[in-house]
Amino acid sequence: MVPEERLAQIVDRFEYLEACMAEGSGDIAALGREYAELRPMVEQIAAWRSLRDGIDEAEAMRDDPEMRALAEEELTELKARLPEAEHALQIALLPRDAADTRPAILEIRPGTGGDEAALFAADLLRMYLRYADAKGWSVEIIEEQHSELGGLRELVARISGDAVFARLKFESGVHRVQRVPATESGGRIHTSAATVAVLPEAGEVDIAIDPADIRVDTMRSSGAGGQHVNTTDSAVRITHLPTGIVVTSSEKSQHRNREIAMNVLRARLFDAERTRAAAERSDMRKTQVGSGDRSERVRTYNFPQGRLTDHRINLTLYKLDQVMAGDLDDVIDALVADAQAAQLAEMGA
């Protein structure tokens with residue numbers, strides 16, 4: 001188990017933050033963030049301590065002949081709950097990904113499969129939008145291009161809210177679909193794919209971009225129509241020369257487009273740096289869920305059988321309709337649990 005000294009330090013720090021916030025001293029926003037991060041840990045510490053104290057009290061009661069039977073019964077129940085409480089405490093104390101609390105940049109693009117891949121990409125977008133709505137998250141579409149059949153050629157969106165990146169970061173990779181396409185007249189099942197990338201939003205303090213390293217081009221917006229389309233050079237395309245990364249934004253305001261494009265560019269550069277650092281820490285091993293490898297096939301959506309399979313954790317669910325309607329928690333919870341188990345294993349817990 002975790003040394004009592006470390007638990008005491010966490011609780012002491014939490015109580016100090018609580019006192020500072022009550023007094024209104026210091027950087028309240030920063031104090032609030034740290035307080036919120038420590039609160040789940042402190043709650044689990046309190047639950048574990050309460051259970052342990054209960055066991056000690058029941059042990060002492062066994063010395064009383066009149067209370068022995070009751071004490072034995074209570075001990076059996078409390079000791080049965082102890083492993084679960086210890087595991088929950090270990091999970092709460094695991095090192096957190098510093099990006100977990102950040103908004104996320106979601107990117108969806110069709111892969112192999114032509115028009116059907118674009119239609120599937122649009123289905124994935126609807127799935128994530130419904131999930132975001134169920135979570136109370138805010139979605140801002142940055143770039144969206146559709147095919148003639150209503151499929152999705154490209155989507156870049158910013159999603160903000162509580163623990164967005166923590167919940168969506170395992171979605172990155174190749175998503176494969178098996179179904180009879182609407183464009184198929186012979187009733188044959190086709191396989192196509194779409195790629196999903198989820199990047200943590202980065203600020204200027206995370207990634208400093210030298211103005212000499214970017215080229216900014218303005219162009220006319222393209223879209224479904226409207227008074228601002230094809231009338232002004234408001235769209236912005238930014239090219240990061242050292243990496244070749246290209247970002248575009250096509251809102252009505254050129255100033256806003258430049259701001260949006262720079263945010264997306266920072267997110268992509270930040271993600272590349274995080275991926276490089278993670279690869280170095282793991283000696284280039286790519287077995288960890290959420291490694292960021294965009295070429296990894298992560299999930300298959302089999303419509304004829306109503307089956308979803310996540311290949312990274314060998315998870316199969318026969319509730320594809322619910323998943324496509326935005327009910328992703330069962331999948332994401334399983335991925336989070338698997339990542340936590342891997343962390344515990346690495347720490348020898």
Side-chain angles (χ1 to χ4, degrees), residues 27 29-30 32-33 97-109 121 125 128-129 132-133 135-146 152-169 171-172 195-276 292 294:
D27 185 339
R33 285 192 295 269
D97 184 342
D100 276 353
T101 58
R102 298 184 183 219
I105 302 297
L106 171 69
E107 301 182 350
I108 304 175
R109 295 178 179 85
L125 172 58
Y128 290 126
L129 289 178
D133 183 63
K135 291 293 183 184
W137 296 340
S138 175
V139 179
E140 177 187 6
I141 302 298
I142 295 173
E143 187 71 17
E144 187 175 21
Q145 298 180 22
H146 292 275
L152 192 65
R153 292 298 181 199
E154 180 181 23
L155 181 284
V156 181
R158 179 184 185 270
I159 306 179
S160 58
D162 184 35
V164 171
F165 185 69
R167 297 296 291 173
L168 292 182
K169 63 182 177 182
E171 294 301 297
S172 292
T195 60
V196 175
V198 180
L199 320 175
E201 187 176 66
E204 294 183 26
V205 295
D206 301 304
I207 294 292
I209 299 176
D210 189 336
D213 287 341
I214 60 173
R215 184 179 69 243
V216 180
D217 299 306
T218 57
M219 52 196 173
R220 296 201 171 179
S221 301
S222 60
Q227 62 177 342
H228 291 279
V229 176
N230 296 324
T231 59
T232 60
D233 294 332
S234 62
V236 170
R237 178 175 60 218
I238 296 180
T239 303
H240 187 249
L241 302 176
T243 62
I245 294 175
V246 178
V247 181
T248 60
S249 181
S250 305
E251 293 292 317
K252 297 176 183 179
S253 163
Q254 186 179 120
H255 176 75
R256 175 62 176 152
N257 282 331
R258 183 184 176 104
E259 178 185 351
I260 290 172
M262 287 296 292
N263 286 342
V264 175
L265 177 59
R266 273 193 292 269
R268 292 186 184 175
L269 292 173
F270 184 54
D271 180 68
E273 178 61 25
R274 279 167 48 85
T275 301
R276 183 197 63 77
R294 308 289 181 247

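On a predicted model such as this, the values are computed, not experimentally measured, just so you know.
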Output, in order, the C-alpha distance, side-chain angles, deciding distance and verdict of side chain to side chain contact (heavy atoms under 4.5 Å, CB included) for V264 and E143.
CA-CA 10 Å; V264 175; E143 187 71 17; over 6 Å; no
Step-by-step side chain to side chain contact (heavy atoms under 4.5 Å, CB included) determination, L265 to I209
CA-CA 9 Å; L265 177 59; I209 299 176; 3.8 Å; yes
Side chain to side chain contact (heavy atoms under 4.5 Å, CB included), that's the test. Do L155 and Y128 meet it? Break it down for me.
CA-CA 12 Å; L155 181 284; Y128 290 126; over 6 Å; no
Worked verdict on V164 versus E201 for side chain to side chain contact (heavy atoms under 4.5 Å, CB included):
CA-CA 10 Å; V164 171; E201 187 176 66; over 6 Å; no
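Of all non-hydrogen atoms in L241 and A212, the two that sit nearest each other are CD1-O, 4.0 Å. Nearest heavy atoms, G161 versus W137: CA-CD1, 3.7 Å. The minimum heavy-atom distance linking A267 with P200 is given by the pair CB-O, 3.7 Å. What you find for A157 and V139 is that their closest heavy atoms are CB-CG1, 4.2 Å. Minimum interatomic distance between P103 and F165 (heavy atoms only, all atoms of both residues): O-CB, 4.5 Å.
A distance of 6.5 Å separates OG1 of T195 from CZ of R109, quoted to the nearest 0.5 Å. Distance check: H146 NE2 to R153 CZ gives 11.5 Å after rounding to the nearest 0.5 Å. Note that CG of D213 is 9.0 Å distant from OG1 of T243, once rounded to the nearest 0.5 Å. One finds the CZ atom of R266 at 13.5 Å from the CG atom of L199 (value rounded to the nearest 0.5 Å). Distance CD1/I245 to CD1/I238: 12.0 Å, rounded to 0.5 Å. One finds the CG atom of N263 at 9.5 Å from the OG atom of S249 (value rounded to the nearest 0.5 Å).
Other residues, nucleotides and ligands place no more than 12 heavy atoms under 6.0 Å from the CZ atom of R258. Surrounding CG of D162 are at most 12 heavy atoms belonging to other residues, nucleotides or ligands under 6.0 Å away.
In this structure, L106 and E171 have side chains that are not in contact, with every pair of non-hydrogen atoms separated by 4.5 Å or more. The side-chain heavy atoms of V156 and Q145, taken from C-beta on, include no pair separated by under 4.5 Å.
The main-chain N or O of E140 is never found under 3.5 Å from a side-chain atom of R158 such that the two would form a donor-acceptor pair. Side-chain atoms of R268 come within 3.5 Å of backbone N or O of V246 as a donor-acceptor pair.
K169 and D100 are joined by a salt bridge, as a carboxylate oxygen and a charged side-chain nitrogen come within less than 4.0 angstrom of each other.
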